[in-house]
Amino acid sequence: MLEIRDLIHRYRPGEPPVLTLDDFRVDPGEQVVVTGKSGSGKSTLLHLSAGLMEPSRGGIRVDGVELRTLRAARRDRFRGRRIGMVFQTFHLLHGFSAKENILAALMFSDMPAAAHEKRADQLLGVLGIQRPNARVDTLSIGQQQRVAVARAVACSPALVLADEPTASLDPELARAALDLLQGACRSCGSALVCVTHDRSIVDRFDRHVDLASAAGSGGEHGDA
Ligand code: ADP
Ligand code: MG
């Protein structure tokens, strides 16, 4: 579902790379957690995997498509349709309701427009979003997290990328957020790559990759 080979990324030419990854694959429906300390390139890995920027070297395939071969507009559409993203601070469309945030994500889907309303209502129900028509900025953090997850899986993407999805939450909310995210990915058949500095959550995933040991050598370890 995600296939990365011989990846090197540097933000400035001549500087040492911020991310080196020889071989990283995620199977369809697989849930992988990637750990690394702050500055180890976790967010960079997700931005590259989402096609938000191009690697200095190497190939990235999502759902069988080499991202480099897509021009900007097609890549944006591909991302909207096949990749869901959950950010640490959610990045919801403020000033809009939970339902409107989900409908906006559905604009990229293959689903006919007439079916969007029903899909949005279904997600609002499944994810327990209690005030679907309230502006998202008036919702609690826990409720905003639910909207972010609903939006990420709205198009039943092949791949969901989550950047420190529990970092702003207390332990109880963090557990609930992961239950929600992992459950939603399972029911939509989406693979999940979750990056975090929090090693306490690694046991919940099918596989654990540590960036420090994966760098260069391609060495993964399966302690999940
Ligand atoms: P993490 O998410 O693991 O904390 P990042 O991927 O954000 O790590 O950053 C990896 C390294 O790349 C850091 O040294 C960071 O300062 C640098 N970096 C991140 N984004 C940029 C950018 N847009 N321009 C230049 N350097 C960046
Ligand atoms: Mg980061």
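Start at 1 with the first residue, then count along the sequence. Predicted model, so just to flag it, every value in this text is computed and none were measured. Just so it is clear, the values below take in all heavy atoms, side chains as well, and ignore hydrogens, waters and symmetry mates. Every number for a ligand or one of its atoms is a count from 1 in the order of the listing.
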Can you find a side-chain donor-acceptor pair between [X] and [Y] that sits under 3.5 Å?
X: Ser200; Y: Asp198; answer: yes
X: His208; Y: Thr35; answer: yes
X: Asp163; Y: Ser43; answer: yes
X: Arg186; Y: Gln31; answer: yes
X: Gln143; Y: Arg131; answer: no

Determine whether the side chain, the backbone, both or neither of Val18 has a heavy atom under 4.0 Å from any heavy atom of ligand 1.
side chain
Pick one of side chain, backbone, both or neither for how Lys37 approaches ligand 1, counting any non-hydrogen atom pair under 4.0 Å.
backbone
Per-atom contact, atom 21 (C) of ligand 1, protein heavy atoms, under 4.0 angstrom:
yes
Mark whether atom 16 (O) of ligand 1 lies under 4.0 angstrom from at least one protein heavy atom.
no
For the residue pair Tyr11 and His9, categorise the inter-ring angle as parallel (less than 30°), tilted (30 to 60°) or perpendicular (more than 60°).
perpendicular
Heavy-atom nearest neighbour in the protein, as seen from [atom], with distance rounded to 0.1 Å:
atom: atom 23 (N) of ligand 1; value: Tyr11 CE2, 3.7 Å
atom: atom 8 (O) of ligand 1; value: Gly41 N, 3.2 Å
atom: atom 9 (O) of ligand 1; value: Thr44 OG1, 3.9 Å
atom: atom 7 (O) of ligand 1; value: Ser43 CB, 3.7 Å

Heavy-atom proximity to atom 1 (P) of ligand 1, picking from Gly36, Pro16, Gly39, points to Gly39
Listing by chain and number, which protein N, O or S atoms are under 2.8 Å from the Mg ion (ligand 2)?
Ser43 OG
Evaluate the side-chain proximity of [Y] to [X]: yes if any heavy-atom separation is below 4.5 Å, no if none is.
X: Leu52; Y: Met85; result: yes
X: Asp121; Y: Lys99; result: yes
X: Leu48; Y: Leu67; result: no

Is there a donor-acceptor pair under 3.5 Å between the side chain of Gln144 and the backbone N or O of Ile141?
no
Side-chain (Asn101) to main-chain (Arg151) donor-acceptor, under 3.5 angstrom
no
Is it the case that ligand 1 has an N or O less than 3.5 angstrom from some N or O of Arg12?
no
